[in-house]
Student: 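Here's a structure for you.
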Amino acid sequence: MALVNADDARRRARRRLPRMLFDYIDGGAFAETTLRANRRDFDDVPLRQTVLTGIHTPDLSAQYLGQQYALPFMLGPVGFLGLYTSQGEQKAARAAHAAGIPLCLSTFSIASLGDVRTATNGPLQFQLYVMKDRGLTAELIAAAKAAKADALVVTVDCAVTSVRERDLINGFRISKRLTPGMLLNFATKPRWLTDQILRGGRSVRALADRPEFGSSILEQAVNLSQGIDPSLNWNDIGWIRTQWDGTLVIKGILAPDDAVRAKAAGADAVVVSNHGGRQLDGASSTIRALPAIREAVGNEFCLMLDGGVRRGSDIAKAIAGGADGVMLGRAYAFALAAAGERGITDILDAIRTELRITLALMGVPSIAALRRDGGRGGQQIIGR
Ligand SMILES: Cc1cc2nc3c(=O)[nH]c(=O)nc-3n(C[C@H](O)[C@H](O)[C@H](O)COP(=O)(O)O)c2cc1C
């Protein structure tokens, strides 16, 4: 049966994935306060119902990150998709392509950009973690150019890796070797295990020529997160701009001043993000932070948002609050784990349907109208 919604995907992913991977996707930093706030604050935003408008098939296309797409939401960067199901990155890229939206491939991917490019010629972006090893960083940027990535998305909220206590308990990204506990846990998930043994990748392909990162995925995962440059600062953004002349996006902005600074540093867009509650625990939810950021950067600058987006109505709230587009994270990662490429297609269909119905019942003819004036002549369509 098709996945009904993101909660359904999460439930079914939990049955399929080893605990270590389910917790890695599901969890947040420390007390998971921000993780919960992302959801709670979406739930608290009311939408205005407007009747007798005759609007029944609103135009859901949207312009963001320099291009026009079929939908105002896309697949954001999520690490290790290929561990949730074999060829996870390729499956995600194909599902995104079929829906007319981009996938942003994480630095922490099993498949390389080249592998994904071979699987689809659809819209593809690359998410960059700036590594201490600037040679490797420059190589990653060059690979993004070679794969004709539509945008380089530099994640800046992860320079210092936070603690996800569920990962501590499970040993993921801590232990460089399989532990007896992990093996026992894998054995309880035979479908996942068989798929990984028969078809799964054995290592991070982008590190094939980098033996210093180790050879197994567990080893590479630890070394990659330790390899992120903790001294990252605004001057480095200038350096990246010299390496990349395409669309440059800074991901992980939560304060209006930082958004203004990103714009001044040459970014074409920012992603309002708290990394899905996985970094600074206690930080504001993204939907709450958004309006002040829009105000600070002006109306023309491209703003994306992620964090807690599970439903079409969340997307309507984000766009009415000033976002040009939205990135999905866990919603599609769980769908991929639950049912592969078809799972992502199910979730994209479900969210598209909900968004269409939401706009129709709000009496809003298009995403462009919702973005322009909150849907109705400049009046606030959301509020608290
Ligand atoms: C399992 C997992 C892995 C992630 N890996 C990355 C990553 O490699 N790079 C990155 O910029 N963000 C990463 N993120 C953060 C997402 O891009 C996004 O900010 C977050 O998932 C949004 O919150 P949501 O999952 O509640 O929608 C990851 C998130 C999750 C859940």
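As the structure lists them, so they are numbered: ligands from 1, and atoms in each ligand from 1.
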Student: May I ask you to identify, for Ser273, whether its side chain, its backbone, both or neither come under 4.0 Å of ligand 1 on a heavy-atom basis?
Tutor: side chain

Student: Compute the ring centroids of Phe334 and Tyr84, then answer whether they are less than 6.0 Å apart.
Tutor: no

Student: Taking distance alone, with no angle check, do Phe108 and ligand 1 share an N/O pair under 3.5 Å?
Tutor: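 Min N/O separation from ligand 1 is not below 3.5 Å for Phe108.
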
Student: For the pair Arg294 (side chain) and Gly298 (backbone), establish whether a donor and an acceptor sit closer than 3.5 Å, ignoring hydrogens and angles.
Tutor: yes

Student: Considering only the protein, which heavy-atom contact is closest to atom 19 (O) of ligand 1, and what is its distance?
Tutor: Asp306 OD2, 2.6 Å

Student: Where does Gln127 meet ligand 1, judged by heavy-atom distances below 4.0 Å: at the side chain, the backbone, both, or neither?
Tutor: side chain

Student: For Arg12 and Asp7, indicate whether the former's side chain and the latter's backbone hold a donor-acceptor pair under 3.5 Å.
Tutor: no

Student: Looking only at protein heavy atoms, which one is nearest to atom 25 (O) of ligand 1, and how far off is it?
Tutor: Arg330 N, 2.8 Å

Student: Check each of Ala6, Ser225, Gly79 against atom 4 (C) of ligand 1 and report the one with the nearest heavy atom.
Tutor: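 Nearest heavy atom to atom 4 (C) of ligand 1 lies in Gly79.
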
Student: What do we get for Arg278 next to ligand 1 when only non-hydrogen atoms under 4.0 Å count, side chain, backbone, both or neither?
Tutor: side chain

Student: Name the one of Val156, Val270, Val154, Asp306 that satisfies side-chain contact (heavy atoms from CB on, under 4.5 Å) with Lys251?
Tutor: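 In the set Val156, Val270, Val154, Asp306, the residue that makes a side-chain contact (heavy atoms from CB on, under 4.5 Å) with Lys251 is Asp306.
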
Student: For Arg310, is the nearest heavy atom under 4.0 Å from an atom of ligand 1?
Tutor: yes

Student: If only side-chain N and O atoms count, and only distance matters, is there a donor-acceptor pair under 3.5 Å linking Arg164 with Gln279?
Tutor: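 Yes, side-chain donor-acceptor contact under 3.5 Å.
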
Student: Does Gly307 have a heavy atom less than 4.0 Å from any atom of ligand 1?
Tutor: yes

Student: Can you list the ligand 1 atoms lying under 4.0 Å from a non-hydrogen atom of Tyr84?
Tutor: 1 (C)

Student: Can Ile25 be said to touch ligand 1, with heavy atoms closer than 4.0 Å?
Tutor: yes

Student: Which atoms of ligand 1 are found less than 4.0 Å from any heavy atom of Gly329?
Tutor: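 So the answer, numbered in order with elements, is 21 (O), 25 (O), 27 (O).
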
Student: Sub-3.5 Å donor-acceptor pair from the side chain of Asn223 to the main-chain atoms of Glu219, do we have one?
Tutor: yes

Student: I'd like to check whether Lys251 has a polar contact with ligand 1, where a contact means an N/O of the residue lying under 3.5 Å from an N/O of the ligand.
Tutor: yes

Student: Do me a favour and list the nearest non-hydrogen protein atom to atom 13 (C) of ligand 1 with residue, atom name and distance?
Tutor: Pro77 O, 3.1 Å

Student: Out of Tyr332, Tyr129, Tyr24, Phe42, who gets a non-hydrogen atom closest to atom 10 (C) of ligand 1?
Tutor: Tyr129

Student: Would the distance check show the side chain of Arg205 and the main-chain N or O of Ser112 forming a donor-acceptor pair, the cut-off being under 3.5 Å?
Tutor: no

Student: Please indicate whether any nitrogen or oxygen in Ser106 is less than 3.5 Å from any nitrogen or oxygen in ligand 1.
Tutor: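 Yes, Ser106 has an N/O under 3.5 Å of an N/O on ligand 1.
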
Student: Between Asp115, Leu113, Val78, which is the residue that forms a side-chain contact (heavy atoms from CB on, under 4.5 Å) with Leu105?
Tutor: Leu113

Student: If you measure every N/O of Val78 against every N/O of ligand 1, is any gap under 3.5 Å?
Tutor: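 There is no such contact.
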
Student: Taking Ile319's backbone N and O only, do any of them form a donor-acceptor pair with Arg371's side chain (distance below 3.5 Å, no angle check)?
Tutor: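 Looks like no, no N/O pair under 3.5 Å.
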
Student: So is Gly308 polar-close to ligand 1, meaning N/O to N/O under 3.5 Å?
Tutor: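 In this structure, Gly308 places an N or O atom under 3.5 Å from an N or O of ligand 1.
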
Student: Applying a 4.0 Å heavy-atom criterion (strictly less than), which segment of Phe334 is in contact with ligand 1: side chain, backbone, both, or neither?
Tutor: neither

Student: For the residue pair Asn274 and Thr34, confirm or rule out a side-chain donor-acceptor distance under 3.5 Å.
Tutor: no

Student: In terms of ring plane angle, is the pair Tyr24 and Phe172 parallel, tilted or perpendicular, where the classes change at 30° and 60°?
Tutor: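 Perpendicular, since the angle between the ring planes exceeds 60°.
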
Student: Record the part of Phe80 in heavy-atom contact with ligand 1 below 4.0 Å; permitted values are side chain, backbone, both and neither.
Tutor: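 For Phe80, there is no contact with ligand 1 at all, from either part.
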
Student: Ignoring hydrogens and geometry beyond distance, is a side-chain donor-acceptor pair present between Asp41 and Ser285 at under 3.5 Å?
Tutor: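 Side-chain D/A pair, Asp41 to Ser285: present.
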
Student: For a side-chain hydrogen bond (donor to acceptor under 3.5 Å, both in side chains) check, start with the C-alpha distance between Ser86 and Asp195, then their side-chain angles and the critical distance, and finish with the verdict.
Tutor: CA-CA 6 Å; Ser86 60; Asp195 173 54; 2.8 Å; yes

Student: Which ligand 1 atoms are under 4.0 Å away from a heavy-atom of Gly276?
Tutor: 19 (O), 20 (C), 22 (C), 23 (O)

Student: Heavy-atom pairs closer than 4.0 Å: do any link ligand 1 to the side chain of Thr155, the backbone, both, or neither?
Tutor: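 It is the side chain that touches ligand 1; the backbone stays farther off.
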
